[in-house]
Every structure is written in C-alpha cells, then in structure tokens.
Amino acid sequence: MIRIAIDGPGGAGKSTIAKLVGDKLGLEYIDTGAMYRAVGLKLNRERIKPDDLLSISNILEETSIDFANGKIILDGDDVSDIIRTQEISKLASIYSQIPEVRSKLVDIQRKIAAGKSVIMDGRDIGTNVLTDAELKIFLTADSMVRARRRYEELRSKGVKANLDDIHEEIKDRDYQDMNRKLNPLVQAEDAVMLDTSDMTIDEVVNTIVAMAARVSCN
Ligand code: DC
C-alpha cells in the first residue's frame, strides 16, 4: 500500500500532477480542494456569512460531500465543473479557515483513504490528514509562473483575463492559506519539495513516479 500526499499553494499544478501520477500508478485520486470548494459553493448559495458559526454547523450536518471517480458530489449533484471559478476559489479559501468545516472534511478525507492506496492533494494532507503517508511532496512554483499558467488556461478556454489581477489573487490566497490559524499551508518536515517553475508536467510526473518506486522498494 502507498499513500502519496501532495500539498502546495494554489496553481502549482497539484491536481493535474496528482491525477496523472494516480493513473500511472493505479492509485485512487482524491482532490480535497474540490471538497472545500463544494462547501464554499453551498454556504454561498445559502447566503451564510463566514462568522455565522451556528448556521454553518447546522448546514454542514445536513450536507453530504463525496469525491468518487474523479467527481465532486455535493448533496447528490455533480458540481465538478461549477466549482472551478475564481469566485469559488476565494470562497473556499475563506470558509476553509472555519474549524467546523475543516473537521467535517478531514473526517471524510480520512474515511475515503482508509486502508487503500491513494494520492491526495490539498494544503494539509502531509501535516494533518495523512500524517503517516509513505510519500509526501510539497509542490510549489513561483507565484508569477502560477499566475501565467492560470492566465493561459483561461485564455485557451476563450475567457478574458488580466495577468496582473490573477497574480494579485494568487498572492492573496497564498497569504490566507499560509497564515490561517488552523492547519495552515506549510511544508511537512518529512516532505520533499519540488519547485515546478522550470519543469514540464511530464518531468514532474516522472520525478514523483520514481520517488514512489523507491518508497515501494523500501
Ligand atoms: O486546491 P484548491 O485551489 O482547489 O483549494 C481551494 C481552497 O481550499 C484553498 O485556497 C484552501 C482550501 N483547502 C484547504 O484549506 N485544505 C485543503 N486540504 C485543500 C484546500
């Protein structure tokens, strides 16, 4: 059994890389950011403010979230596509600071991963969710490189975008994710740092696959 934890800032390519490594190694891929996005979507739809902790607890009790077959399912509906906006990125980063939200999602994440080989990506996987993961990677890239990748992605979809605005948003989200009180984004002591600023997707995938092979041999 191998569990691979991939953490790092937004836009570092975690989901793309984790999906490809998962396919190559036959591991189930779990995108924990998608879960925080789904909660952001629901609380925003219900017009619940981040400081209304009682309503958040109540709503969370009657909310079901699952990540299965690469899809994020919120209360029975596939919301995989509609959670990918800049607005939901911001909301996910804000609502993910709330202890009630984190404890519910971390419980779900540990249950999904229990007893099987997985590759899970997020912000606190190596430091909190799967502290005993066999391989931990801290995937990062220069903030301008991440902004440019996001900008190209939007442009390729025909969406109008401004590079400087995207760069500012990425830096704001980094700050929020790294400075929140509970389980902030930080490199685990036993994680390997991979800076992908000058690497291609193939290079990153092959590097992680080789590391996983070494772990499996030990
Ligand atoms: O990885 P992402 O961009 O889809 O994540 C969206 C937000 O969710 C991110 O800004 C912080 C939060 N998040 C978190 O707090 N813990 C995780 N394990 C994954 C995401």
Side-chain angles (χ1 to χ4, degrees), residues 3 5-12 14-15 18 28-116 118-133 136 138 169-188 191:
R3 284 155 310 157
I6 306 215
D7 290 303
K14 296 184 302 293
S15 340
E28 182 173 335
Y29 164 57
I30 303 149
D31 176 354
T32 66
M35 295 182 181
Y36 288 93
R37 286 169 182 268
V39 167
L41 174 70
K42 173 131 183 192
L43 294 177
N44 188 49
R45 273 181 180 165
E46 304 276 337
R47 299 188 195 292
I48 301 195
K49 297 269 175 296
D51 58 359
D52 185 356
L53 298 182
L54 186 60
S55 303
I56 290 176
S57 283
N58 290 338
I59 293 268
L60 285 175
E61 263 185 40
E62 54 195 49
T63 300
S64 82
I65 291 166
D66 195 11
F67 192 82
N69 304 317
K71 301 278 178 207
I72 178 83
I73 312 295
L74 172 67
D75 297 328
D77 291 331
D78 179 355
V79 294
S80 311
D81 293 332
I82 53 173
I83 55 163
R84 294 290 154 204
T85 62
Q86 289 295 97
E87 192 202 357
I88 299 287
S89 300
K90 274 191 214 160
L91 289 169
S93 184
I94 293 168
Y95 287 110
S96 67
Q97 301 176 34
I98 300 167
E100 285 79 358
V101 171
R102 299 205 72 79
S103 70
K104 168 151 182 144
L105 295 188
V106 169
D107 264 7
I108 297 173
Q109 290 155 14
R110 289 190 181 134
K111 278 189 188 125
I112 298 179
K116 53 181 157 181
V118 292
I119 182 161
M120 189 180 270
D121 81 330
R123 303 290 187 288
D124 62 339
I125 311 306
T127 52
N128 177 42
V129 182
L130 303 177
T131 45
D132 53 354
K136 298 181 185 179
F138 192 81
E169 279 172 14
I170 281 193
K171 286 192 292 183
D172 285 351
R173 203 146 68 91
D174 282 357
Y175 183 84
Q176 235 168 49
D177 293 347
M178 290 171 172
N179 290 283
R180 68 170 176 237
K181 284 206 192 91
L182 200 60
N183 305 122
L185 170 65
V186 61
Q187 181 178 345

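The chain is numbered in sequence order, starting from 1. Note that the structure is predicted; figures quoted are calculated from it, not measured.
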Q) Quick one: side-chain contact (heavy atoms from CB on, under 4.5 Å) partners of Asn44, sequence neighbours excluded? A) Glu87, Leu91
Q) Checking Asp77 side chain against Val79 main chain: does a donor-acceptor pair fall under 3.5 Å? A) no
Q.
When you measure from the side chain of Lys14 to the backbone of Gly8, do you find a donor-acceptor pair of N or O atoms at a distance under 3.5 Å?
A. yes
(Q) Tell me the closest heavy-atom pair linking Gly126 and Asp7, and the distance in Å. (A) N-OD2, 2.7 Å
Q. Nearest 0.5 Å, what's the CD1-NZ distance between Ile56 and Lys104?
A. 13.0 Å
Q | Residue pairs, two or more places apart or on separate chains, that pass side chain to side chain donor-acceptor pair (under 3.5 Å) and touch residues 54-66 | A | Lys42-Thr63, Asp52-Ser55
Q.
Treating Asn183 as the side-chain partner and Asp124 as the backbone partner, does any N or O pair qualify as donor plus acceptor under 3.5 Å?
A. no
Q: Measure the spacing between OG1 of Thr32 and CE of Met120 and express it to the nearest 0.5 Å.
A: 7.0 Å
Q. What heavy-atom pair brings Leu130 and Arg3 nearest, and what distance separates the two atoms?
A. CD1-CB, 4.4 Å
Q) Who passes salt bridge (charged side-chain N to carboxylate O under 4.0 Å, His left out) against Arg173, sequence neighbours left out? A) none
Q.
With heavy-atom distances below 4.5 Å as the criterion, would you say the side chains of Arg180 and Ser96 are in contact?
A. yes
Q. So, for Val118 and Ala113, which heavy atoms are closest and what is the spacing to 0.1 Å?
A. CG2-CB, 4.0 Å
**Q.** Closest heavy-atom pair and its distance - Leu185, Phe138
**A.** CD1-CE1, 3.7 Å
Q) Who are the side-chain hydrogen bond (donor to acceptor under 3.5 Å, both in side chains) partners of Lys116, not counting sequence neighbours? A) Glu28
Q. Ignoring hydrogens and geometry, is there a side-chain-to-backbone donor-acceptor pair from Arg110 to Val129 under 3.5 Å?
A. yes
Q) In Å, rounded to the nearest 0.5 Å, how long is the span from OH of Tyr36 to CG of Leu105? A) 5.0 Å
Q) Is there side-chain contact between Gln176 and Gln97, with at least one heavy-atom pair below 4.5 Å? A) yes
Q) Who pairs with Lys136 by salt bridge (charged side-chain N to carboxylate O under 4.0 Å, His left out), at least two apart in sequence or on another chain? A) Asp190
**Q.** Pairwise side-chain contact, Leu41 with Leu74, heavy-atom cut-off 4.5 Å (strictly under)
**A.** yes
Q.
Counting C-beta onward and ignoring hydrogens, is there a side-chain heavy-atom pair between Asn128 and Val106 closer than 4.5 Å?
A. yes
Q. How about Ser80 and Lys71: do any of their side-chain heavy atoms sit closer than 4.5 Å?
A. yes
Q) Which atoms form the tightest heavy-atom contact between Gly40 and Tyr95, and what is the distance? A) CA-CD1, 3.8 Å
**Q.** With Asp174 via side-chain hydrogen bond (donor to acceptor under 3.5 Å, both in side chains) - residues at least two apart
**A.** Arg146
Q | Rounded distance [0.5 Å steps], CD1 in Ile48 versus CD1 in Ile98 | A | 10.0 Å
Q. Taking everything shown except Asp132 itself, do over 12 heavy atoms lie less than 6.0 Å from its CG?
A. yes
Q. Hey, what do you get for CG (Asn69) to CD1 (Ile72), rounding to the nearest 0.5 Å?
A. 12.5 Å
Q: State, with a plain yes or no, whether a side-chain heavy atom of Asp121 is found less than 4.5 Å away from one of Asp31.
A: yes
**Q.** Residue pair Leu43 / Ile59, side-chain heavy-atom distance below 4.5 Å
**A.** yes
Q. When you look at Arg123 and Asp177, which way does the salt bridge (charged side-chain N to carboxylate O under 4.0 Å, His left out) test go after all the steps?
A. CA-CA 8 Å; Arg123 303 290 187 288; Asp177 293 347; 3.2 Å; yes
Q | Shortest non-hydrogen separation from Leu182 to Pro99 and the atoms involved | A | CD2-CA, 3.5 Å
Q. Atom CD in Gln86, atom NZ in Lys90: separation rounded to 0.5 Å?
A. 7.5 Å
**Q.** 4.5 Å side-chain heavy-atom contact, Ile108 and Phe67
**A.** no
